[in-house]
Amino acid sequence: MTSDDRTNAHREPDASGSDRGTDAAIAAARLREAASAGRLVAVHGSASASAWLTGLAAASAMYLFSLGWFERSDEAPILAVSIAFAAVLGVLSIVHLRRLRASSLGFSRRFGLAVGGWGAVFGVSLTLGLLVFPASPVYFAIAAMATAVPPLWGSLRELVVVRA
């Protein structure tokens, strides 16, 4: 008795006397279920990453816009706004980034580009704003919009690529 005979000994053969058609159908169904489950997990992870990126865009835009109303010497309000910004990022991270159990192909590159682009624009905007254009609501409004672009692009890209 071969190993195939032992594993199939407990099965009843189908009408033709063979289990091959049934086994292939069951295997194909299980492969479809596994692919569907993997896709579902990636879509849920993508939604969390997209929500985090959208929150990052909104929080950083509001932060930069609010900085435009303070003079360089207004340390207490600037500190308060900065602490609130850090708290919002912390809450966003706790709520959304911990849900990333699995991700889609290319997620790391898309997410890295979005966060890296945000960091570069945010850093330049903040440095120029605090050193060259303090208390300039117009500059900080433009900087807020520019800073929101990379994470919003990343959020949209994440939703479009994964759902396509």
Side-chain angles (χ1 to χ4, degrees), residues 25-164:
I26 290 171
R30 288 190 179 151
L31 284 173
R32 282 191 302 274
E33 286 175 22
S36 175
R39 182 113 173 109
L40 184 63
V41 169
V43 165
H44 284 295
S46 152
S48 291
S50 181
W52 187 85
L53 287 168
T54 303
L56 175 66
S60 59
M62 292 304 297
Y63 175 65
L64 285 176
F65 183 72
S66 66
L67 287 180
W69 299 99
F70 301 117
E71 292 290 335
R72 218 181 293 170
S73 60
D74 296 337
E75 295 171 357
I78 291 174
L79 180 62
V81 170
S82 298
I83 290 172
F85 174 61
V88 167
L89 290 184
V91 169
L92 280 170
S93 297
I94 289 168
V95 170
H96 293 294
L97 291 184
R98 69 183 179 95
R99 293 182 186 169
L100 292 175
R101 300 280 188 256
S103 58
S104 61
L105 185 64
F107 168 78
S108 297
R109 183 178 39 83
R110 289 188 305 273
F111 193 77
L113 285 172
V115 174
W118 167 83
V121 175
F122 183 77
V124 168
S125 297
L126 192 59
T127 301
L128 286 175
L130 294 177
L131 297 178
V132 179
F133 302 106
S136 173
V138 172
Y139 169 80
F140 277 102
I142 294 168
M145 289 185 283
T147 300
V149 169
L152 288 176
W153 173 82
S155 175
L156 180 65
R157 189 86 176 116
E158 186 61 25
L159 290 176
V160 168
V161 168
V162 172
R163 304 225 191 285

Q: First locate atom CG of L130, then atom CG of L64, and finally report the distance between them rounded to the nearest 0.5 Å.
A: 8.5 Å

Q: List the steps and the verdict of side-chain contact (heavy atoms from CB on, under 4.5 Å) for V115 and L53.
A: CA-CA 8 Å; V115 174; L53 287 168; 4.0 Å; yes

Q: Check side-chain hydrogen bond (donor to acceptor under 3.5 Å, both in side chains) between S82 and all other residues, then give those that pass, not counting sequence neighbours.
A: Y63

Q: Find the distance between CG (L79) and CZ (F70) and round it off to the nearest 0.5 Å.
A: 11.0 Å

Q. Of all heavy-atom pairs between A135 and P137, which one has the smallest distance, and what is that distance?
A. O-CD, 3.3 Å

(Q) I need the minimum non-hydrogen distance between L56 and P151, along with the two atoms involved. (A) CD2-CB, 4.2 Å

Q) What pairs of residues pass the ring pair (Phe, Tyr, Trp, His ring centres under 6.0 Å) test when at least one of them lies in residues 135-155, not counting sequence neighbours? A) F133-Y139

Q: Report the distance from atom CZ of F122 to atom OG1 of T127, rounding to the nearest 0.5 Å.
A: 9.5 Å

Q | Any donor-acceptor pair under 3.5 Å from R72 side chain to L131 backbone | A | yes

(Q) Run L92 and L89 through side-chain contact (heavy atoms from CB on, under 4.5 Å) and show every step you take. (A) CA-CA 5 Å; L92 280 170; L89 290 184; 4.3 Å; yes

Q | Gap between atom OG of S136 and atom CG of L128 - 0.5 Å precision | A | 11.5 Å

Q. Taking the side chain from T54 and the backbone from S50, do they hold a donor-acceptor pair closer than 3.5 Å?
A. yes

Q.
T147 vs W118, test: side-chain hydrogen bond (donor to acceptor under 3.5 Å, both in side chains). Steps then yes/no.
A. CA-CA 6 Å; T147 300; W118 167 83; 5.7 Å; no

Q: Might you point out which heavy atoms bring A61 and A144 nearest each other, and give the distance in Å?
A: O-CB, 3.3 Å

Q.
Could you measure the distance from the CG atom of L126 to the OG atom of S60? Nearest 0.5 Å is fine.
A. 10.5 Å

